[in-house]
2 protein chains.
Amino acid sequence: MASLDRSLIAGLSVFEGVAAADLDRIVGQARSLRIAKDQPVFEQEQEAHSFFLLLDGHVRVVKSTPDGHEVTVRYISPGELMGIAHALGRTTYPANAIAAVDCVVLAWASHLWPTFAANFPSFSANTYKAVGSRLQDAHTRVIEMATEQVEQRVAHAMLKLVKQAGRKTEEGILIDFPISRQDIAEMTGTTLHTVSRLLSAWEDQGLVKSGRQRVTVVEPHRLLLIAEGRAEKS
Amino acid sequence: MASLDRSLIAGLSVFEGVAAADLDRIVGQARSLRIAKDQPVFEQEQEAHSFFLLLDGHVRVVKSTPDGHEVTVRYISPGELMGIAHALGRTTYPANAIAAVDCVVLAWASHLWPTFAANFPSFSANTYKAVGSRLQDAHTRVIEMATEQVEQRVAHAMLKLVKQAGRKTEEGILIDFPISRQDIAEMTGTTLHTVSRLLSAWEDQGLVKSGRQRVTVVEPHRLLLIAEGRAEKS
DNA sequence: TTGGCGATTTGCGCTGGCGCAAACTCATGA
DNA sequence: TCATGAGTTTGCGCCAGCGCAAATCGCCAA
């Protein structure tokens, strides 16, 4: 652990307001892991032995339904916690978490949580604040699914990805991990066919550039118009 | 407050594992309120000055979208907390909470939360456990919206209502508060027309009995078959 | 360089469920 | 008792988007 960059970790929002000495005590009890692309960080229904902080990479969180459908719940970016089932009174993970690229994570044993919560109130408060955001996000998703058409939902999804994993290139803002049409479909509750058609149409209009497992947003502003439902359809 | 039935309150799951003396200290700082039918308990975007425990009645939590749509996030039953924005690091309420019938609630000032969290770890843990369930529920909703057809979603919604607010009658299980077709539509992301058609069809098949703002489920088991997508359509 | 496979594109037909509109039915208050 | 209006039912037409299938593209490995 000594090899990790403490100052970088200290800047993460989960550790905001945590004293340096406390930070050391927290991080000191973690082990660091590498997860190869497409390997699971944790799996649905499994005993929640650990919780994690993503340091590098991107992780896709997917829920499988009994009837074989897969729905992507969210993508996790560096600095975010995941697998905090124990902090929410659950003993198993509610979903699969799969590395979208090679990742580096910190892992703590779940049984440490009560101690952390009691001894490091800032850390605990920050964690629950993140939970609040996720609950918010989930409700937003429900509302989008309930009130928006597919095109708007896909546009919203792309903008969300741009915001949390966008990397500037000379062509536009690239989503910085491999993402297929199927993945986007699973985020928005549609089919890869429809997503493909939409991306093709957007590409014709110069809104995006896309290729195999790769999407670059050229004109975020116009995409936002579509997302908000205020765009005249061609 | 002295007039409220402490032993009844003590049995609520939020207070599980809380010592009697602590319970008194918690409840002693609440004030009890009556909310008339159709009146708000709290409102979206408003400063989250208080959090609440529903003692009697039913509360509908609704989010309004900028474009005028309304989506019902969930119904709250007696014994549940609501408006706990502060515990999740937010300063405003994320939705409107409206009394579906005359209600009785306990209200605490939001600024008490950090103290409660620090001094009554069981209470805090129970609260976050409830938050965990809600996050779970929200994700389930997303998955339902993404993978199921309207008929299944409405069936699921009815079963959820039966579970949390069902009252046995000689005809079947009655949903114990006034609920309109429009309300059900807002829970499931469809229109009141479609809900009306579904309920009529179900009534023809003897699955439910329904009337003005009133639904009774006669055969929960067959409804479950529809919800699970394993029912031959007539 | 050549296969082979996974990802993507595209055409076509069909249908679930929405939008609109009109009729109907109660419950409530005057 | 009757008028009123909210809640509900129902008919009809339409279209967004799904399901299926086939063709194409591009990356990687041999």
*asked:* What I want to check is whether the side chains of A/Thr92 and A/Glu45 have a donor and an acceptor closer together than 3.5 Å.
replied: no
*Does a side-chain N or O from A/Thr191 land closer than 4.0 Å to OP1 or OP2 of D/dC18, or not?*
yes
*Hey, are the side chains of B/Leu223 and B/Leu159 touching, using non-hydrogen atoms and a 4.5 Å cut-off?*
yes
*asked:* Could you check whether any side-chain heavy atom of A/Ile175 comes within less than 4.5 Å of a side-chain heavy atom of A/Gln213, counting everything from C-beta outward?
replied: no
*asked:* Under a plain distance cut-off of 3.5 Å, with no hydrogens placed, do A/Glu171 and A/Thr216 share a side-chain donor-acceptor pair?
replied: no
*Using atom CG of B/Leu198 as one end and atom P of D/dT8 as the other, report the distance to the nearest whole Å.*
14 Å
*For A/Ile184 and C/dA7, give me the distance from atom CD1 to atom P, rounded to whole Å.*
13 Å
_Let's see if you get this right: which residues in residues 64-72 of chain B place a heavy atom under 4.0 Å from DNA chain D?_
none
*Could you check B/Gln152 against B/Glu228 for side chain to side chain contact (heavy atoms under 4.5 Å, CB included), going step by step and ending with a plain yes or no?*
CA-CA 7 Å; B/Gln152 296 179 61; B/Glu228 312 258 309; over 6 Å; no
*Verify whether one side chain among A/Asp137 and A/Thr140 offers a donor that lies under 3.5 Å from an acceptor in the other.*
no
*asked:* Can you see if the side chain of A/Arg181 gets near the phosphate of C/dT8 - specifically, an N or O under 4.0 Å from OP1 or OP2?
replied: yes
_For atom CD of A/Glu203 and atom P of C/dA7, their distance in whole Å_ = 19 Å
_Spacing of A/Asp38 atom CG relative to C/dA7 atom P, expressed in whole Å_ = 10 Å
*Starting from the 5' end of DNA chain C, give me the residue, B/Thr194 or A/Ile179, whose nearest nucleotide shows up first.*
A/Ile179
*asked:* Rounded to whole Å, how long is the line connecting atom CD of A/Gln213 with atom P of C/dG6?
replied: 12 Å
_Sugar-phosphate or base contact per nucleotide [nucleotides 20-30 of chain C; S, B, -; heavy atom under 4.0 Å]_ = BB---BBS---
*Measure from CD on A/Glu148 to P on D/dA16 and round the result to the nearest Å.*
17 Å
*Are A/Arg181 and A/Glu186 ion-paired here, with the side-chain N under 4.0 Å from a carboxylate O?*
no
*Is there side-chain contact between B/Ile179 and B/Leu161, with at least one heavy-atom pair below 4.5 Å?*
yes
Can you list, pair by pair, the side-chain donor-acceptor contacts under 3.5 Å of residues 47-66 of chain B, counting residues two or more places apart and other chains?
unit_1	atom_1	unit_2	atom_2	d
B/Lys63	NZ	B/Pro94	O	3.0
B/Ser64	OG	B/Glu70	OE2	2.8
B/Thr65	OG1	B/Asp67	OD1	2.7
B/Thr65	OG1	B/His69	N	3.0
B/Thr65	OG1	B/His69	O	3.3

*Using a distance-only test with no angle check, is there a side-chain donor-acceptor pair under 3.5 angstrom linking A/Glu219 and A/Trp202?*
no
*Would you please confirm or rule out a distance under 4.0 Å between OP1 or OP2 of C/dG6 and any side-chain N or O of A/Ser180?*
no
*Distance, rounded to the nearest Å, where A/Leu199 contributes CG and C/dT9 contributes C1'*: 11 Å
*Base, sugar-phosphate, or nothing for A/Ser196, non-hydrogen atoms under 4.0 angstrom?*
base
*Could you check whether B/Leu192 gets within reach of a base, just the sugar-phosphate, or nothing at all, counting any heavy atom under 4.0 Å?*
base
*Check whether any side-chain nitrogen or oxygen of A/Ser200 sits under 4.0 Å from OP1 or OP2 of C/dT8, and answer yes or no.*
no
_Whole angstrom value for the distance that separates C1' of D/dT8 from CD of B/Glu186_ = 16 Å
